[in-house]
Amino acid sequence: MASIKQIQVTFDCAVPEHVARFWCEVLGYVVPPPPKGFATWNDFDRSLPPERQGSAFACIDPSGVGPRLFFQRVPEGKAVKNRLHLDVRVGTGLVGDERLATLEAECARLVALGATHVRTLLADDTNESCIVMQDIEGNEFCLD
């Protein structure tokens with residue numbers, strides 16, 4: 001069996017570019033260069049049939065380590081809890097008050113970008129603290 005070399009995480013959403021740019025800010029990702037023959041992504045988008053314009057967008061990890069994120073327009077809105085979510089690992093290696101302060105600071109930064117704070121799960125005998133959030137279209141993710 002061949003080994004997998006790359007993965008892509010795909011988000012269904014209403015406004016792909018808007019959600020992609022939010023995640024660029026969250027993760028420090030960037031928008032890849034436009035396809036060959038196009039000076040900008042807007043030029044590429046205008047070359048598509050009207051019904052496909054604005055239907056997709058992507059962002060990538062500039063270091064090449066993280067997965068590509070792809071955002072595709074779908075007609076239906078989000079109706080239930082995600083079956084898969086991203087954990088944004090800002091507190092790795094931290095414990096107690098130091099971890100919680102780091103998570104809360106990142107939460108405040110992301111709320112300013114349009115995210116929603118859902119709830120804070122405080123440390124217990126088994127797990128360290130984490131914060132459950134939603135992106136600008138209501139997709140759940142955790143600050144961990």
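The figures here come from the full heavy-atom set of this structure, side chains too, leaving out hydrogens, waters and symmetry mates. Source: prediction; values computed, not measured. Numbers for residues simply follow the sequence, beginning at 1.
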Counting only heavy atoms not in Q6, do more than 12 fall under 6.0 Å of its CD? no

Kindly indicate, with the supporting measurements, whether the criterion side-chain contact (heavy atoms from CB on, under 4.5 Å) is fulfilled by L103 and S129. CA-CA 8 Å; L103 297 176; S129 297; 4.2 Å; yes

Okay, side chain of N82, backbone of H85: is any donor-acceptor separation there less than 3.5 Å? no

Please check: side-chain N/O of Q134 versus main-chain N/O of A115, any donor-acceptor pairing under 3.5 Å? no

For R52, I'd like to know if atom CZ has over 12 heavy atoms of other residues, nucleotides or ligands within 6.0 Å. no

Please determine, by modelled atom types, if T40 and N42 share a side-chain donor-acceptor pair under 3.5 angstrom. no

Point-to-point distance, once rounded to the nearest 0.5 Å, from CG of D61 to CZ of R68: 13.0 Å

Under 3.5 Å, is there a donor-acceptor pair between the side chain of Q8 and the main chain of L69? no

Applying a strict under-4.5 Å side-chain criterion to I, L, V, M, F, W and Y, I'd like to know whether L27 and I131 cluster together. yes

Please step through side-chain contact (heavy atoms from CB on, under 4.5 Å) for the pair C24 and V31, ending with a clear verdict. CA-CA 8 Å; C24 282; V31 176; 4.2 Å; yes

Inspect the contact between R99 and D144 and indicate whether a charged nitrogen and a carboxylate oxygen are less than 4.0 angstrom apart. yes

Would you mind reporting whether C107 and M133 have side-chain heavy atoms less than 4.5 Å apart? yes

Is there side-chain contact between L86 and V9, with at least one heavy-atom pair below 4.5 Å? yes

Just wondering, are more than 12 heavy atoms of other shown residues or ligands nearer than 6.0 Å to NE2 in H117? yes

When you compare the side chain of T116 with that of V111, does any pair of heavy atoms fall below 4.5 Å? no

Determine, for K78 against E140, whether the closest basic-nitrogen to carboxylate-oxygen distance falls under 4.0 angstrom. yes

E17: which residues meet the salt bridge (charged side-chain N to carboxylate O under 4.0 Å, His left out) condition with it, sequence neighbours left out? R21

State whether the side chain of D124 and the backbone N or O of T126 hold a donor-acceptor pair below 3.5 Å, judged by distance alone. yes

Could you walk me through whether E51 and R73 pass the salt bridge (charged side-chain N to carboxylate O under 4.0 Å, His left out) test, one step at a time? CA-CA 11 Å; E51 67 275 5; R73 184 174 58 215; over 6 Å; no

Reported CZ-to-CG distance for the pair F141 and D135, which is rounded to 0.5 angstrom: 6.5 Å

Atom CG of D97 with >12 non-hydrogen neighbours under 6.0 angstrom: no

Any side-chain heavy-atom pair of F22 and L113 under 4.5 Å: yes

Atom pair OH/CH2 of Y29 and W23 - distance to nearest 0.5 Å: 10.0 Å

Where the side chain of E106 meets the backbone of G91, is there a donor-acceptor pair that is under 3.5 Å apart? no

F71 and C59: side-chain contact (heavy atoms from CB on, under 4.5 Å), yes or no, with the steps? CA-CA 9 Å; F71 303 84; C59 58; 3.8 Å; yes

Starting from the C-alpha separation in whole Å, work towards a yes-or-no answer on side-chain contact (heavy atoms from CB on, under 4.5 Å) for V19 and I136. CA-CA 7 Å; V19 180; I136 57 176; 4.2 Å; yes

Mark yes when over 12 heavy atoms from residues, nucleotides or ligands other than L122 sit less than 6.0 Å from its CG; otherwise mark no. yes

What pair of heavy atoms forms the shortest contact from P16 to G54, and how long is it? CD-O, 3.4 Å

For the side chain of W41 and the backbone of F57, is there at least one donor-acceptor N/O pair under 3.5 Å apart? no

How many angstroms lie between CG in N127 and CG in D125, if you round to the nearest 0.5 Å? 10.0 Å

For a 4.5 angstrom cut-off between non-hydrogen side-chain atoms, does L143 reach L110? yes

Could you grab the distance from atom CD of Q72 to atom CG of D12, nearest 0.5 Å is fine? 4.5 Å

